[in-house]
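Comments concern the structure below.
Computed from a predicted structure; not experimentally measured.
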Amino acid sequence: MTSRRAFLTATAAALATPAILASTNGERVSGLAEHFVPGGTRGIQRGQFTFTPTGRNEGYGTIAIPDTLNPFMIPLTQVVFDESDGAKYLLQGDGLVTVMKDDLYELTANMDWPAQSRGSGQDGYDTNLRKLMIKRVPVGVAPPVYTPGHVTRVPSNSKLYDGLAMHDMPGSSVPNAVRAVFQWAPGTIAPGAMAYVDVVLPVGSFTPTIGDLVRVSHASLTDAMLGAANVGLLISARMVASRVARVTIENRYGTGPVNIPDGRMNLLAESAVTSAGNNEDGWSYLGSGPVYLLAGEKLMIVVRSLTAGDFLQIDNTAFLRISNIVP
C-alpha cells in the first residue's frame with residue numbers, strides 16, 4: 001500500500017514540474033501547477049481540457065462569439081493533463097471530449113469573461129446576459145460540425161443534446177445612456193411663456209432617437225440666482241428627431257418675467273428599450289454533480305452572450321475538467 005509520505009513526495013514532484021501531456025488526437029500543452037498524479041490516485045483519474053485561442057486582446061488569447069442570437073460550441077482542442085492516459089476520455093479532433101468508459105463522473109468547467117476599459121470595443125458597461133453550458137451528445141446523435149479555428153453554432157431550441165450543467169450570468173437591466181453638456185442663456189421669459197433650444201446629442205453607447213428618454217438640468221435655475229421666481233419654473237426635455245433633444249423652460253406659475261442667465265446645461269439621454277449591464281472581468285464556474293456517462297458519448301462546452309462583439313479570454317482558467325467518482 002502506498003504510504004502517505006510516498007504519496008506526498010510524488011505529489012510534490014508533480015507540482016515542481018508542470019505536466020506536459022497529450023492524448024492521441026489532442027494538441028500538447030503545458031499543464032497547470034496542479035496535483036497531477038500519473039495514473040491517478042486510489043482509482044480516481046482526472047482529465048482537464050482547454051481551448052485554442054483564435055485572436056488576442058490586451059495580452060490574452062481570445063475566442064470571439066459571432067452573434068447574440070445563437071449559442072456556440074467552443075471547441076476543446078488541447079489536453080492540460082489526463083491521468084487516465086486516454087482510457088476514460090479522449091480528444092478525437094472534433095472539438096469535443098469523447099467518453100471511453102462507462103462510469104460515474106463529475107464535470108466542472110470555467111470561462112473567463114472580459115470587461116475592458118471604455119472605448120476598447122468590449123466595454124464593461126455594455127455587458128448583457130452570458131450563459132455557460134456543459135452539454136452531452138448521446139451515442140448515435142451527430143455532434144455539431146467542427147471546423148478548426150472556428151466556433152460552431154448550436155441551435156438554441158435543439159433537444160438533441162442534453163444539458164448537464166448550466167450557469168447564467170445576467171447583466172444589470174439599466175438603459176444605455178449618452179451624456180452631453182451645453183451652454184445656454186434662456187433670457188427673459190414672460191409669465192405663461194417659455195424658452196426652448198434644440199441640441200444635437202453625440203453618439204455614445206447608443207444613438208438617441210424619438211421615443212427615447214432625456215433628463216436635463218440647468219445650472220442657473222437656483223434660488224440664489226433667481227430668488228422666489230425660481231419656484232414657478234419648469235424645465236423638461238424630449239427627443240424630437242434622431243440625436244436631437246429639445247429643452248424647454250416654462251414660466252408656468254410665475255406672476256412676473258424671469259431673466260435666466262447663461263449657464264451649463266447637462267443632458268442625459270437614456271434608451272427606452274435596450275439595456276446594458278455593468279461588470280468586471282469575471283469567472284463563470286459550474287459543476288455538474290455526479291453524472292453517469294456511457295462510452296461513446298461526447299461532451300461539449302457551449303456559450304451564449306447577448307452582448308454584441310463579446311469574446312472569451314482563453315487562459316489557464318478556461319477549461320473542462322472530468323473525474324470519475326467511484327474507484
Shortest non-hydrogen contact from [X] to [Y]?
{"X": "A195", "Y": "P186", "result": "CB-O, 3.9 Å"}
{"X": "S305", "Y": "R130", "result": "OG-CG, 3.9 Å"}
{"X": "F72", "Y": "V151", "result": "CD2-CG2, 3.7 Å"}
{"X": "G254", "Y": "P191", "result": "O-CB, 3.6 Å"}
{"X": "P71", "Y": "M133", "result": "CB-CE, 4.2 Å"}
{"X": "S323", "Y": "I44", "result": "OG-CG2, 3.5 Å"}

Item to check | Derivation and outcome, side-chain contact (heavy atoms from CB on, under 4.5 Å), residues I249 and L234 | outcome: CA-CA 6 Å; I249 297 180; L234 299 179; over 6 Å; no
Counting only N and O atoms by type, is there a donor-acceptor contact under 3.5 Å from the side chain of [X] to the main-chain atoms of [Y]?
{"X": "N324", "Y": "Q45", "answer": "yes"}
{"X": "D212", "Y": "A272", "answer": "yes"}
{"X": "N176", "Y": "F206", "answer": "no"}
{"X": "D103", "Y": "Y105", "answer": "no"}
{"X": "T77", "Y": "T52", "answer": "yes"}
{"X": "E83", "Y": "V37", "answer": "yes"}
{"X": "Y89", "Y": "G47", "answer": "yes"}
{"X": "D82", "Y": "K88", "answer": "no"}
{"X": "S220", "Y": "P261", "answer": "yes"}
{"X": "T68", "Y": "T307", "answer": "no"}

Report the distance from atom [atom1] of [X] to atom [atom2] of [Y], rounding to the nearest 0.5 Å.
{"X": "S217", "Y": "R264", "atom1": "OG", "atom2": "CZ", "value": "7.0 Å"}
{"X": "D94", "Y": "T152", "atom1": "CG", "atom2": "OG1", "value": "10.0 Å"}
{"X": "M169", "Y": "Y285", "atom1": "CE", "atom2": "OH", "value": "14.5 Å"}
{"X": "H218", "Y": "L267", "atom1": "NE2", "atom2": "CG", "value": "10.0 Å"}
{"X": "I235", "Y": "Y196", "atom1": "CD1", "atom2": "OH", "value": "15.5 Å"}
{"X": "I65", "Y": "N70", "atom1": "CD1", "atom2": "CG", "value": "11.5 Å"}

field: Worked verdict on L320 versus I322 for side-chain contact (heavy atoms from CB on, under 4.5 Å)
entry: CA-CA 7 Å; L320 169 69; I322 179 171; 5.5 Å; no
Can you get from [X] to [Y] by hopping between Ile, Leu, Val, Met, Phe, Trp and Tyr side chains that sit under 4.5 Å apart?
{"X": "L286", "Y": "F51", "result": "yes"}
{"X": "V137", "Y": "Y146", "result": "yes"}
{"X": "L160", "Y": "M166", "result": "yes"}
{"X": "L221", "Y": "V247", "result": "yes"}
{"X": "F182", "Y": "V214", "result": "yes"}

Below 4.5 Å, heavy atoms only, C-beta onward: do [X] and [Y] meet side chain to side chain?
{"X": "I301", "Y": "L132", "answer": "yes"}
{"X": "F49", "Y": "L96", "answer": "no"}
{"X": "E297", "Y": "D162", "answer": "no"}
{"X": "V178", "Y": "V203", "answer": "no"}
{"X": "I210", "Y": "V240", "answer": "no"}
{"X": "P208", "Y": "M239", "answer": "yes"}
{"X": "V258", "Y": "T188", "answer": "no"}

Walk me through it: do F319 and T108 pass the test side-chain contact (heavy atoms from CB on, under 4.5 Å)? CA-CA 8 Å; F319 60 80; T108 54; 4.2 Å; yes
* Sequence neighbours excluded, which residues qualify as salt bridge (Lys or Arg N to Asp or Glu O under 4.0 Å) partners of D168? ->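 Residues passing salt bridge (Lys or Arg N to Asp or Glu O under 4.0 Å) with D168: K131.
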Those residues at least two apart in sequence (or on a different chain) that pass salt bridge (Lys or Arg N to Asp or Glu O under 4.0 Å) with R179 are none
Could you walk me through whether R321 and F81 pass the side-chain contact (heavy atoms from CB on, under 4.5 Å) check? CA-CA 10 Å; R321 179 178 290 192; F81 65 85; 4.2 Å; yes
